[in-house]
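Here is the structure we will look at, set down as structure tokens.
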There are 2 protein chains.
Amino acid sequence: MARTPRNTLSADLIVRTALELMEAKGTDAFSLRGVAGELGVGPMALYTYFRNKDDLYDAVRDHLMGLLPAVPSDEAWPDQVRAVCRSLRLLMLQHPCLAQLLAGRPLSGHETARVAEGLLGVLRAAGFDAETAARTHTTLFTYVLGSTSWEIQMAAERRDPEAWRRLRTSMESLSARDFPSVVELAPELARTTGGDEQFDYGLDLLLAGLQLQVRTPS
Amino acid sequence: MARTPRNTLSADLIVRTALELMEAKGTDAFSLRGVAGELGVGPMALYTYFRNKDDLYDAVRDHLMGLLPAVPSDEAWPDQVRAVCRSLRLLMLQHPCLAQLLAGRPLSGHETARVAEGLLGVLRAAGFDAETAARTHTTLFTYVLGSTSWEIQMAAERRDPEAWRRLRTSMESLSARDFPSVVELAPELARTTGGDEQFDYGLDLLLAGLQLQVRTPS
DNA sequence: ACACCGTACTATACACTGTACGTTAAGAAC
DNA sequence: GTTCTTAACGTACAGTGTATAGTACGGTGT
């Protein structure tokens, strides 16, 4: 019986454990000590496989990006773009921690590059020049990131009854004289903080703009 | 000489000090102890004015939102929308901490409501119905939030030479066979992670989609 | 078989964090 | 002068990431 068994760890095992922990106890509850504890190991053991916490973050992000399906190849380019954006959003909803992992750090890793490659390939094949393809890629990515992060954030807030109550009362304290539109549209605003329809609404605006641009090149 | 002078603090003074600290030492360097130290006061003194750290965060965010200019009233609605989005982005660039303050917590506070009121008012005046106005508001807000947060994040990364070097090398390690588009467009992608042009590109796509929708109501 | 060495892991320690709790003293009201 | 409220203090706790140093296992060379 080895008192300190070796080679029981691996980068992949650590990543999967970290991911499980984030999904079970919430993104914020994640800590190196927590992951190490789950693995029955001291906190410093992780530093054999990752330079620091951010490095582990990046690895988890890339692992999640690997779960994205390939771009459908037998569709028109607007539908392909829609598919890529929708599947990224779905992945983020399925793994809420992904929102923070994507927002907080630059993109890196092979799986992440694969996803970018898919979208860029669609855009190039559709006839976009290099600069426009890059601009469009960034625009789409930041839209998906922003809107879905917001959606997740709001959903989390709604789950916390105390925070939700405070939000409602602070909403109701607004005078209808000073803020007529906000007060009038409060129910609509609450309804449009997320959901498939809201996401598709913005995405379709972007796609409409794109198609218009393709048809009338400057 | 009073050993513990009283009434030297105020919510507003604390907010301003917190803001100064965040801008001087970076958003992450902000801590209750740091703010209290700057004010020559114990950490717990702040709890007289704020329930907790998030509460202070919200106050700082609302304070910053108060700096946004009013919506120009003598322009066509697409230009008004553009002006609102641009000024929010500029404020975020000027106060990088605002990105995190907006992303991490739900919106609240009077100044924040004032800004929402401005944009919603423009949309209602332009003839959008309640639901479409709310959807558009959310779409525009999340686009500005996502794209500008990303821009700030990338700019910060570029300022850290170590992180920037690692990013470059990880980019260059991608094989041109597996990731042809990413490798080919690397320079364009690096160039389009921010800047006025990139922001306006996406914003104009959204506005083009919106105008199209107005002209051809379902 | 045995010494060796790189490496996987442990142990300890440091400088932080937010905040719960209990105490003290300043200023106002009577 | 007495009493009440409250602003600010001090202490303490349970965390955090990680630098540094030490230890014992596994595979390799002789």
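Order of the sequence lines fixes the chain letters, A, B, ..., with proteins taken first and strands second; residue numbering starts at 1 for each chain. The analysis underlying the following values was restricted to heavy atoms, covering all of them including side chains, and did not include hydrogens, waters or symmetry mates.
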Tell me the interatomic distance from [X], atom [atom1], to [N], atom [atom2], rounded to whole angstroms.
| X | N | atom1 | atom2 | value |
| --- | --- | --- | --- | --- |
| B:N52 | C:dT17 | CG | P | 17 Å |
| A:M44 | D:dT18 | CE | P | 9 Å |
| B:D55 | C:dT19 | CG | C1' | 14 Å |
| B:L46 | C:dA20 | CG | C1' | 15 Å |
| A:L9 | D:dG26 | CG | C1' | 16 Å |

When you get a sec, tell me which of [options] is the closest nucleotide to the side chain of [X]?
| X | options | answer |
| --- | --- | --- |
| A:Y47 | D:dT18, C:dA8, C:dT10 | D:dT18 |
| B:T48 | D:dA8, C:dT12, D:dG10 | D:dA8 |
| A:P43 | D:dT18, C:dT19, D:dA7 | D:dT18 |

**Message:** Regarding A:A45, tell me which of base, sugar-phosphate or nothing describes its non-hydrogen contacts under 4.0 Å with the strands shown.
**Reply:** base
Side-chain H-bond candidate by donor/acceptor type, [X] with [Y], under 3.5 Å:
| X | Y | answer |
| --- | --- | --- |
| B:Y143 | A:T139 | no |
| A:S108 | B:R166 | no |
| A:Q100 | A:S149 | no |

**Prompt:** Are B:L91 and B:H95 side-chain neighbours, meaning at least one heavy-atom pair lies under 4.5 Å?
**Reply:** yes
**Message:** Can you see if the side chain of B:Y49 gets near the phosphate of D:dA8 - specifically, an N or O under 4.0 Å from OP1 or OP2?
**Reply:** yes
**Prompt:** Does a side-chain N or O from A:T8 land closer than 4.0 Å to OP1 or OP2 of C:dC9, or not?
**Reply:** yes
**Prompt:** Is the backbone N or O of B:P72 less than 3.5 Å from a side-chain atom of B:Q80, with the two atoms forming a donor-acceptor pair by type?
**Reply:** yes
**Message:** For B:R135, is there any backbone N or O sitting under 3.5 Å from a side-chain donor or acceptor partner on A:Q198?
**Reply:** yes
**Asked** Can you list, by residue number, the residues of residues 16-34 of chain B that have a non-hydrogen atom closer than 4.0 angstrom to DNA chain C?
**Response** B:S31, B:L32, B:R33
